[in-house]
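Computed over heavy atoms, backbone and side chain alike; hydrogens, waters and symmetry mates excluded. Throughout, a chain's letter reflects where its sequence line sits, starting with A, and its residues are numbered from 1.
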There are 2 protein chains.
Amino acid sequence: MTKKNGFDMELFFAALADRTRLRLINLMALDEICVCFFVAVIGASQPKISRHLAYLRKAGLVNARRDGKWIHYSLADPPNEKAALVFREVLTWLAEEEGMKLDRRRLAKVCCAPQPQLPVQLQGAPKPATLAAS
Amino acid sequence: MTKKNGFDMELFFAALADRTRLRLINLMALDEICVCFFVAVIGASQPKISRHLAYLRKAGLVNARRDGKWIHYSLADPPNEKAALVFREVLTWLAEEEGMKLDRRRLAKVCCAPQPQLPVQLQGAPKPATLAAS
DNA sequence: TGGACATATTCGTTAAGGCAAATATGATTT
DNA sequence: AAATCATATTTGCCTTAACGAATATGTCCA
């Protein structure tokens with residue numbers, strides 16, 4: 001996560017150089033998100049999601065917060081001021097990309113559906129605060 | 001360089017995820033630069049520099065211009081507006097990093113030295129316009 | 001035309017990182 | 001304590017991309 005002087009730029013950009021990780025970052029842009037929602041929205045295996053979250057942790061781009069059985073991930077601001085600037089630009093970039101918008105809609109859909117209609121693995125899962133309709 | 005829709009974000013960030021390539025980008029920030037100066041300033045082998053320049057070309061981040069025996073590289077603006085914004089932020093980030101400042105000083109030194117003091121391989125090489133003191 | 005020079009590409013090897021499948025950990029529930 | 005659930009890590013395989021060394025290409029000059 002860090003290097004001799006201050007900040008590992010290469011690791012920072014490497015963390016951004018993967019579609020799955022960009023999708024994860026995009027989904028966290030507005031709120032912290034529970035891992036099970038990443039799995040549901042992105043449609044990849046749980047270990048795959050977990051591995052990519054581990055990479056983002058290593059790069060210092062996300063924080064993890066345990067909440068009982070669940071773990072919520074949120075974006076961290078990079079400790080380097082310029083990195084934080086770039087990171088914010090990247091977020092607005094993602095926000096306008098079509099595939100990313102689709103992911104956000106999928107997340108909203110899954111979060112606003114009434115409990116009984118949710119896939120079994122998501123019933124009882126803690127929804128992101130900004131989307132917790134039911 | 002491109003993808004189905006418009007722009008390959010992963011390739012863009014992968015191109016930035018390497019120290020040598022960041023150093024090349026930094027050296028081109030102010031002016032187009034001839035390959036031989038990259039080799040002299042960075043101190044890596046010519047094939048290594050050439051390989052990394054090829055990667056930057058593939059990612060659409062640089063243009064190459066032939067000039068007799070020499071080839072000058074310059075930064076391209078990415079065709080995607082948001083990518084261009086991020087790219088400019090990255091350039092200002094590089095400009096304040098210590099290692100990158102050192103490279104710029106090395107470039108200036110090599111360009112301002114009188115011809116006879118230059119290493120043999122650089123005598124006669126076309127200097128970047130903004131630094132062409134002699 | 002035949003060097004000599006600047007740059008690019010190829011080859012063989014090695015390390016990093018992607019994936020799926022299997023397994024481990026940590027927390028909750030019964 | 002055992003079963004269950006959410007998440008993380010390990011393993012083995014494959015691809016990408018790093019490197020140095022060698023070689024190819026393209027341009028100029030004699």
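The nearest whole Å value for the distance from the CD1 atom in B:Ile71 to the C1' atom in C:dC5 is 13 Å. One can place NZ of A:Lys69 at 8 Å from C1' of C:dT29, the figure rounded to the nearest angstrom. Summarising the geometry, the separation between CG on B:Leu56 and C1' on C:dA8 is reported as 15 Å, rounded to the nearest angstrom.
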Handout entry: Worked check of side-chain contact (heavy atoms from CB on, under 4.5 Å) between A:Val41 and A:Ile33
Key = CA-CA 11 Å; A:Val41 169; A:Ile33 304 279; over 6 Å; no

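Residue pairs meeting the side chain to side chain donor-acceptor pair (under 3.5 Å) criterion with at least one member in residues 83-96 of chain A, sequence neighbours excluded, are A:Thr92-B:Lys82. The ring-ring contact (aromatic ring centres under 6.0 Å, His included) pairs that include a residue from residues 46-77 of chain B number zero, where partners must be two or more places apart or lie in different chains. The stretch residues 32-51 of chain A participates, sequence neighbours left out, in these salt bridge (Lys or Arg N to Asp or Glu O under 4.0 Å) pairs: A:Glu32-A:Arg65.
Contacts of B:Arg104 classified as salt bridge (Lys or Arg N to Asp or Glu O under 4.0 Å), with partners at least two apart in sequence or in another chain: none. Every residue meeting the salt bridge (Lys or Arg N to Asp or Glu O under 4.0 Å) condition with A:Arg106, not counting sequence neighbours, appears here in chain and number order: A:Asp103. Not a single salt bridge (Lys or Arg N to Asp or Glu O under 4.0 Å) links B:Lys69 to another residue, sequence neighbours left out. Evaluation of the salt bridge (Lys or Arg N to Asp or Glu O under 4.0 Å) rule for B:Asp31 yields no partner, not counting sequence neighbours.
Residue contacts for B:Phe38: at a heavy-atom cut-off of 4.0 Å it reaches no nucleic acid atom on any strand shown.
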Return the polar atom pairs (N/O with N/O) between nucleotides 18-25 of chain C and the protein under 3.5 Å, or none.
{"unit_1": "C:dG18", "atom_1": "OP1", "unit_2": "A:Arg21", "atom_2": "NH1", "d": "2.9"}
{"unit_1": "C:dG18", "atom_1": "OP1", "unit_2": "A:Arg21", "atom_2": "NH2", "d": "2.9"}
{"unit_1": "C:dC19", "atom_1": "OP1", "unit_2": "A:Lys48", "atom_2": "NZ", "d": "2.6"}
{"unit_1": "C:dC19", "atom_1": "OP2", "unit_2": "A:His52", "atom_2": "NE2", "d": "2.7"}

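Protein chain A touches strand DNA chain D; the 5'-most and 3'-most nucleotides with an atom under 4.0 angstrom of its non-hydrogen atoms are D:dC5 to D:dT9.
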